[in-house]
Amino acid sequence: MRPLIIIMTVIAACVASCRGAGADLDMLYRQYKDAPMSDLKQLGQELLSRNSIDSAMAVYTIISDRYETGRRLEDKVYAAEAQNSLGVLSFLSSNYVDAYSHFVTAIEMDGRADAPGYLNLSAIYLYYGDRRRAYELLHKVFDEAVAKGHYYMASASLINILTADIDSTVVPEDSVADLIRRYNSRVPKTADNPGWALAAHLSRARLFDIKGNHDASIREYRESLDASGSMLIPARNRFASYIGLGKTFQKAGQTDSAVLYMKKAEALARDAGFTELLISTYSSLHDIYAEAGNRNMADAYRHKKLELNDSVFNTREFGKIRDLEMFHETDRFKKRISMMQIEEKMRRRTLVIVSIALLCVAVLCVLVFMQNRNLLRKNRNLYERNMAAMKAEEKLREAIRCQQETVRLTYASNDGKPEEASEKYSGSSLSDSRGKEIEERIIELMANEKVFCREDFTIKDLADLCGSNTKYVSQVLNERMDTTFSQLLNEIRISVARKRFVDFEHYGHLTIEAIVAELGFKSRSTFSKTFKRITGLSPSEFQRMAREKRK
């Protein structure tokens, strides 16, 4: 069986390699490589809605790779959207290097000054603490979108500016107010601008806050919560509304309400994994508690802020913006090389795996065939030996009945070999003549199947039939017949079973269980083990060989 195990291991390794890294992408690639780009885009969106992130990323990768391979202009828009989606998924998974690379690639594919990739790229700059550069990107997108009448992008860029929590030292309040006034005068509410309501509420809330009208500002922030689901990442917009409410209540001197909304923002940022926003929340909670004179809580949130800031600082230092730019250029160069051969490699790998699998199956079939043939030859030899033994037993019994000669039955099985008789029975009073009489009586009784096939037949019963005692009978079995009572009992019962298995005229209609039931064995399993030990074949194998021989 060892060769079979080796072959099965090789096949398992082949299957495992096929199911390893890239298996899902290979499968999706083969299935959708010729599908329209619009269908692939819809599939990616459906996978995202089912939270099948890995499969969605595979589909978006297929879209992008197809454009890289074919360079068809009609595919560029889909490829840019796919790169943006890959970037967002990478960013949410804290894979900022890949996120940066995807966003920059999307910007290059899009080729517009108000490309969506700029909005996403600003999130990278904010995470790494470069607030000024983030604002410059967002401001650039806002100017271009307003000028060209791209109302959705104008709304999205303004929302990002208002929700980015950019310090007033970077973006003065009068600059924010100017942006809001331009938005209100140039961007109308349209059906294709789902972000208009959120932008309008956040804008009015910020203007009221600048003017010191806290009640009106709070009302607008609350209205913005209902409109937060209109954009790509609703949780981030809800966070901004909570922060705005918390800070406005703080300015209005309502500490309890300020703490309430700040803690809502804290919970949302923690659950959504917005690490950089969580730091800002800790800072705001520290300020609120410090103003309220609650030194313990203020210190606690200060400690949380410092602790989290230290962990983020290590990440930021490890992947500074300049490093991200370098990684992107290096990665793009590698992709240009690898994508030229990706389909060929996939075909080669598939061909190799299939060839190895077919070879393994062929070798396995040959080994199984050879083993079955050898096993069949072995079983046939064992069957012929058993049939020869049965014929010898018949001749022996016939000789006993005719009283032509006195014989001794020697059994093939020697399991549990008896002790040296001369030592065990050295003090016995059994005479030689009496021992011979008992031996002849045992041999005579062996021809009577019904005696030995009783389930409760014991050595005491055999001694009674021989007109002796168990001690003398046991001595005769050991000294004269070179066996034990249990061996003799099993040999005779198995001999009866063999005869019945080949006697199709009288027993051919019975099952193995029915035949075993009349042999004195306590269970089918005990019979099967005993039969196998004595004959070398299982009962079913012996019966099958008998049927083949009969045919």
Side-chain angles (χ1 to χ4, degrees), residues 45 48-49 51 84-85 87-89 91-92 116 118-120 122-124 126-127 134-135 138 141-142 145 150-166 171 176 179-180 183-184 187-210 213-251 257-282 284-285:
Q45 292 171 344
L48 278 181
S49 66
N51 204 31
N84 269 314
S85 298
V88 171
L89 293 173
F91 183 83
L92 294 177
Y118 285 117
L119 299 180
N120 298 325
S122 67
I124 298 285
L126 285 173
Y127 178 80
Y135 172 70
L138 294 172
V141 173
F142 179 81
H150 297 164
Y151 299 139
Y152 175 76
M153 287 304 299
S155 299
S157 57
L158 181 60
I159 290 170
N160 276 269
I161 291 173
L162 296 175
T163 58
D165 195 29
I166 298 175
V171 188
V176 174
L179 289 175
I180 293 173
Y183 178 83
N184 291 335
V187 181
K189 180 180 180 181
T190 58
D192 60 349
N193 183 11
W196 184 88
L198 179 59
H201 288 303
L202 291 176
S203 297
R204 288 195 289 266
R206 180 62 69 88
L207 284 178
F208 285 131
D209 183 62
I210 293 173
N213 189 345
H214 303 312
D215 292 338
S217 179
I218 289 170
R219 183 178 64 252
E220 292 296 335
Y221 275 127
R222 283 175 172 163
E223 292 288 338
S224 71
L225 287 170
D226 296 331
S228 61
S230 61
M231 301 302 288
L232 181 61
I233 309 177
R236 213 170 181 90
N237 299 323
R238 292 183 66 83
F239 172 87
S241 298
Y242 286 144
I243 286 289
L245 283 166
K247 289 187 174 182
T248 305
F249 276 117
Q250 181 184 5
K251 292 176 182 177
S257 296
V259 170
L260 172 65
Y261 284 103
M262 282 297 180
K263 287 195 173 181
K264 286 186 177 183
E266 176 191 5
L268 192 151
R270 183 173 56 250
D271 294 342
F274 300 151
T275 308
E276 74 282 8
L277 301 182
L278 192 57
I279 294 174
S280 176
T281 309
Y282 288 155
S284 297
L285 281 166

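As a basis for the values below, the full set of heavy atoms in this structure was taken, side chains included, without hydrogen atoms, waters or symmetry mates. Throughout, residue positions are numbered sequentially from 1 according to the sequence presented.
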Would you say that [X] contacts [Y] through its side chain, given a criterion of any heavy-atom pair below 4.5 Å between the two side chains?
X      : Y      : value
Asn184 : Ile180 : yes
Ser155 : Tyr183 : yes
Tyr261 : Arg222 : yes
Glu223 : Arg204 : no
Leu158 : Leu202 : no
Glu220 : Leu207 : no

Looking only at non-hydrogen atoms, find the nearest pair between [X] and [Y] and report the distance.
X      : Y      : answer
Ser203 : Ala199 : OG-O, 2.6 Å
Lys247 : Ser284 : CE-OG, 3.7 Å
His214 : Thr248 : O-CG2, 3.7 Å
Ser122 : Ala134 : O-CB, 3.6 Å
Leu268 : Tyr242 : CD1-CE1, 3.8 Å

Exercise. Taking it one step at a time, do Tyr118 and Leu138 satisfy side chain to side chain contact (heavy atoms under 4.5 Å, CB included)?
Worked result: CA-CA 7 Å; Tyr118 285 117; Leu138 294 172; over 6 Å; no
Could you give the distance from [atom1] ([X]) to [atom2] ([Y]), rounded to the nearest 0.5 Å?
X      : Y      : atom1 : atom2 : result
Phe239 : Lys264 : CZ    : NZ    : 14.0 Å
Leu179 : Arg206 : CG    : CZ    : 10.5 Å
Thr281 : Lys263 : OG1   : NZ    : 12.5 Å
Leu198 : Ile159 : CG    : CD1   : 4.0 Å
Leu245 : Leu260 : CG    : CG    : 9.5 Å
Leu119 : Phe142 : CG    : CZ    : 12.0 Å

Exercise. Going by the salt bridge (charged side-chain N to carboxylate O under 4.0 Å, His left out) test, which pairs reach into residues 151-162, not counting sequence neighbours?
Worked result: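 Those involving residues 151-162 do not exist here.
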Exercise. Is any side-chain N of the basic residue among Asp209 and Lys251 closer than 4.0 Å to the acidic one's carboxylate O?
Worked result: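 Yes, Asp209 and Lys251 are salt-bridged.
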Exercise. Residues two or more places apart in sequence or in another chain: which of them pass side-chain hydrogen bond (donor to acceptor under 3.5 Å, both in side chains) with Asp192?
Worked result: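 If we apply the side-chain hydrogen bond (donor to acceptor under 3.5 Å, both in side chains) test to Asp192, skipping adjacent residues, the hits are Thr190.
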For this session: For the pair Phe249 and Tyr221, evaluate side chain to side chain contact (heavy atoms under 4.5 Å, CB included) and give the outcome as yes or no after the intermediate values.
Result: CA-CA 11 Å; Phe249 276 117; Tyr221 275 127; over 6 Å; no
Exercise. Is the backbone of Ala156 close enough, under 3.5 Å, to the side chain of Asn160 for a donor and an acceptor to pair up by distance?
Worked result: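 Between the backbone of Ala156 and the side chain of Asn160 there is a qualifying donor-acceptor contact (under 3.5 Å).
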For this session: Kindly say whether Asn213 contributes a backbone atom to a donor-acceptor pair with the side chain of Ser217 at under 3.5 angstrom?
Result: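 No, Ser217 side chain to Asn213 backbone: no donor-acceptor pair under 3.5 Å.
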For this session: Show your reasoning for whether side chain to side chain contact (heavy atoms under 4.5 Å, CB included) applies to Leu89 and Leu48.
Result: CA-CA 10 Å; Leu89 293 173; Leu48 278 181; 3.6 Å; yes
Exercise. What's the verdict on side chain to side chain contact (heavy atoms under 4.5 Å, CB included) for Asn237 and Ser224, showing C-alpha distance, side-chain angles and the deciding distance?
Worked result: CA-CA 8 Å; Asn237 299 323; Ser224 71; over 6 Å; no
Exercise. Considering residues at least two apart in sequence or located in another chain, which fulfil the salt bridge (charged side-chain N to carboxylate O under 4.0 Å, His left out) criterion with Glu266?
Worked result: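 Scan of Glu266 (salt bridge (charged side-chain N to carboxylate O under 4.0 Å, His left out), adjacent residues dropped) gives Arg270, Lys304.
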